[in-house]
Amino acid sequence: MKTEKARDLVARERSRIEASLRQLTGEVDAEAQLHGQQTGEAYEAGTDLEREEVELALITDLREELEAVGRAEARIAEGTYGRSVESGTVIPDERLEAAPLAERTIEEERRLEADPGGGSVGSLF
């Protein structure tokens, strides 16, 4: 894959993730303010724990995706984007277009998912 196309794909992912993170954290902040205005209590005192856990999990996932964006940007700068971080095998352009943050081939990723305790550090992509 050409470097410029790789940069564009990864930049779009960064924008999408950052927008989602801003929206989600903004919603959490707005809910806390509204709760305080309506009840005079701190938001934590009456928080729906299940919803809070889901929101925190989503925020965590988005932050992990941002870390993956940083790794992809580093691989672009190093000239290794599009190659598996595990084996160095070329990752097909079709996979990178569908999952710009992919760090491994589909086969490697499937193997890793089938054996998550296999000693390698896992990847979301």
Side-chain angles (χ1 to χ4, degrees):
M1 175 173 289
K2 293 186 178 188
T3 303
E4 194 55 41
K5 175 137 182 148
R7 280 191 185 112
D8 182 52
L9 289 170
V10 173
R12 279 193 244 160
E13 284 297 292
R14 176 178 285 286
S15 294
R16 178 190 62 79
I17 294 163
E18 288 176 343
S20 295
L21 192 55
R22 277 191 307 273
Q23 179 181 0
L24 186 58
T25 55
E27 289 172 4
V28 170
D29 291 344
E31 287 175 14
Q33 284 182 343
L34 181 60
H35 180 79
Q37 291 170 352
Q38 291 175 342
T39 66
E41 299 174 356
Y43 183 64
E44 293 79 24
T47 298
D48 176 8
L49 293 178
E50 184 176 320
R51 190 162 102 198
E52 182 179 343
E53 287 176 5
V54 169
E55 289 171 345
L56 291 175
L58 289 171
I59 289 169
T60 299
D61 288 347
L62 288 169
R63 288 184 177 149
E64 288 175 5
E65 286 185 60
L66 274 179
E67 290 175 10
V69 167
R71 293 191 303 270
E73 290 168 339
R75 289 193 309 278
I76 290 169
E78 295 166 357
T80 60
Y81 181 83
R83 294 200 167 269
S84 167
V85 297
E86 186 174 314
S87 66
T89 303
V90 173
I91 300 171
D93 287 353
E94 297 81 22
R95 173 158 168 73
L96 293 170
E97 287 179 19
L101 307 180
E103 296 180 329
R104 295 174 179 77
T105 65
I106 289 176
E107 296 79 17
E108 291 169 338
E109 198 63 43
R110 286 183 182 147
R111 188 180 66 246
L112 187 67
E113 289 171 3
D115 183 24
S120 294
V121 174
S123 167
L124 297 173
F125 310 96

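Being a predicted model, the structure only gives us computed values, none of them experimental.
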Contacts under 3.5 angstrom, residues 3-12 side chains, donor-acceptor by atom type, not counting sequence neighbours:
{"unit_1": "D8", "atom_1": "OD2", "unit_2": "R12", "atom_2": "NE", "d": "3.2"}
{"unit_1": "D8", "atom_1": "OD2", "unit_2": "R12", "atom_2": "NH2", "d": "2.4"}

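Atoms OG1 and CD, from T89 and E108 in turn, are 5.0 Å apart once rounded to the nearest 0.5 Å. To the nearest 0.5 Å, atom OG1 of residue T105 and atom CG of residue L112 are 10.5 Å apart. To the nearest 0.5 Å, the span separating CZ on R83 from CG on L96 amounts to 11.5 Å. E64 CD to I17 CD1: the interatomic distance, rounded to the nearest 0.5 Å, is 11.0 Å. A distance of 6.0 Å separates CD in E109 from CZ in R95, rounded to the nearest 0.5 Å. Considering OG1 of T60 and CG of L21, their distance stands at 10.0 Å, rounded to 0.5 Å.
Applying the side-chain contact (heavy atoms from CB on, under 4.5 Å) criterion to V85, with sequence neighbours excluded, gives R75, E103, R104. Under the side-chain contact (heavy atoms from CB on, under 4.5 Å) criterion, R16 pairs with E13, E65, sequence neighbours left out. For S15, there are no side-chain contact (heavy atoms from CB on, under 4.5 Å) partners, not counting sequence neighbours. Residues satisfying the salt bridge (Lys or Arg N to Asp or Glu O under 4.0 Å) criterion with E18, sequence neighbours excluded, are R14. The side-chain contact (heavy atoms from CB on, under 4.5 Å) search around S20 returns L62, not counting sequence neighbours.
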TODO: For D115 and R111, run side-chain contact (heavy atoms from CB on, under 4.5 Å): C-alpha distance rounded to whole Å, both residues' side-chain angles, the deciding distance at 0.1 Å, then the answer.
DONE: CA-CA 6 Å; D115 183 24; R111 188 180 66 246; 5.8 Å; no
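Residues V69 and E73 meet the side-chain proximity criterion, which asks for heavy atoms closer than 4.5 Å.
Here the shortest heavy-atom pairing between A102 and I91 reads O-CD1, 3.9 Å.
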